[in-house]
Amino acid sequence: MTIEKKIAGESLELMLSERIDGLGANELEVAVLAAIKQGYKEIYVNLAQATFLCSAGIRVLLQYHRQMKSKGLKLLVSRPSPEVASALEMTGFPELVEK
Amino acid sequence: MNERLELTLANQRSAVAQLQDQLEVFARQHGLAARVLHDLQLALEEHLTNILSYGYDDKLEHQIRIHLRLAAPELRVEVEDDGHPFNPLDRPAPDLSKPIEERPIGGLGIYMMRKALDGMEYRRADGKNFLVMIKRL
C-alpha cells in the first residue's frame, strides 16, 4: 500500500492505493493520527485506487470517523473503488462514505 | 483445470503480504476473475489476521500451511495452523442494524469472510485447525 497526501487549506486528502490489509491499516492509522495532530478539520481518505479493504482498515476508518465527528470535524472515505464500496456496504457502514 | 499451490508461511505480517503477492501471480497465471481474487484475498487476510492476533500465547515462530486447489467450478483453499482451537463458523453474526455510533468495532472480520466466500469447512485434528475456504469461479 502507498499513501499520498494532498493538502487544500484545512482539509487533507490521503490517497491510498493497492491493498489495505492488516499492515496497510496500521499505516493508515499512523497517517490519520498525524493529520489530527496537525489540526486538519477535514480528512478525506481517497480509496479510488484501493484494491481491497480488510476489517482492520474499516475499524481504523470507523474509530477516527467517530472521534472527528464528536468534535464537529470530518473524516470520510471519498471515491471508493467498487471493491471497497461493496465491502463498506456489506458491513453496513455506508455512512463513512462522502455523499 | 486442476492446479495446486502449496505454501508455508511464518506467523508474521510480512509473510501474509508475501502470500497475497503470490496469490496475485497465481490468479494472473490461471486467468482468475478479479472478483474471485479479491474475495479470496479478503477472506485469507481476515483469517490470517485472527490467527496472528489470537492464535498463540508464546512468541515463537509458527508455521501456517496453505493448500490451494483450483478445480472448476471452484477454488478450495485450506489453511492449517497450530494455534488455539478456533472455529470461525461458531461466531455469531454482528448486529448491522444498529446506528453507526452504537456499533461495536470488533467482530467484522469473520462476517466479511462469510460474505466473501461460498462456503467454509472447519475441523480440528492433531492439535491443529484446518479451515477450508470455498469460492466458486
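Any value given below was found using the heavy atoms of this structure, including those in side chains, with hydrogens, waters and symmetry copies removed. All chains are named by letter (A, B, ...) in the order of the sequence lines, taking the proteins before the strands, and each is independently numbered beginning at 1.
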Would the number of heavy atoms belonging to other residues, nucleotides or ligands and lying under 6.0 Å from [atom1] of [X] be above 12?
X	atom1	result
B/Arg136	CZ	no
A/Glu4	CD	no
A/Arg79	CZ	no
A/Lys99	NZ	yes
B/Asp90	CG	yes
A/Glu27	CD	yes

Inset, instruction - Would you kindly confirm whether A/Leu47 and A/Leu23 end up in one hydrophobic cluster when ILVMFWY residues are joined by side chain heavy atoms under 4.5 Å apart? - result: no
Inset, instruction - Give the cluster check for B/Val132 versus B/Met120: same hydrophobic cluster or not, with ILVMFWY residues linked at side-chain heavy-atom distances below 4.5 Å. - result: no
Inset, instruction - Under the side-chain contact (heavy atoms from CB on, under 4.5 Å) rule, what do A/Glu18 and B/Gln20 come out as? Steps first, then yes or no, please. - result: CA-CA 11 Å; A/Glu18 303 159 38; B/Gln20 299 287 25; over 6 Å; no
Taking all non-hydrogen atoms of both residues into account, name the closest pair between [X] and [Y] and its distance.
X	Y	value
A/Phe93	B/Leu108	CE1-CD1, 3.4 Å
A/Leu53	B/Met112	O-CE, 3.5 Å
B/Gly109	A/Ser55	CA-OG, 3.5 Å

Legend entry - Heavy-atom side-chain contact between A/Glu83 and B/Gln41 under 4.5 Å: no
Inset, instruction - Would you indicate whether the side-chain heavy atoms of B/Asp21 and A/Arg19 approach each other to under 4.5 Å? - result: yes
Inset, instruction - Could you tell me the separation between the NZ atom of B/Lys115 and the OG1 atom of A/Thr91, rounded to the nearest 0.5 Å? - result: 10.0 Å
Legend entry - Atom pair OG/NE2 of A/Ser86 and B/His38 - distance to nearest 0.5 Å: 6.0 Å
Inset, instruction - Keeping the roles fixed (side chain from B/Glu45, backbone from A/Gly22), state whether a donor-acceptor pair exists under 3.5 Å. - result: yes
Legend entry - Qualifying residue, where the test is side chain to side chain contact (heavy atoms under 4.5 Å, CB included) with A/Cys54 and the options are B/Leu42, B/Thr49, B/Leu44: B/Leu42
Legend entry - Winner by heavy-atom pair count (cut-off under 4.5 Å) against chain A, out of B/Ala17, B/Ser14, B/Ala34: B/Ala17
Inset, instruction - Examine whether an atom of A/Ile58 lies under 4.5 Å from a heavy atom of chain B, and if so say whether it belongs to the side chain, the backbone or both; otherwise answer neither. - result: side chain
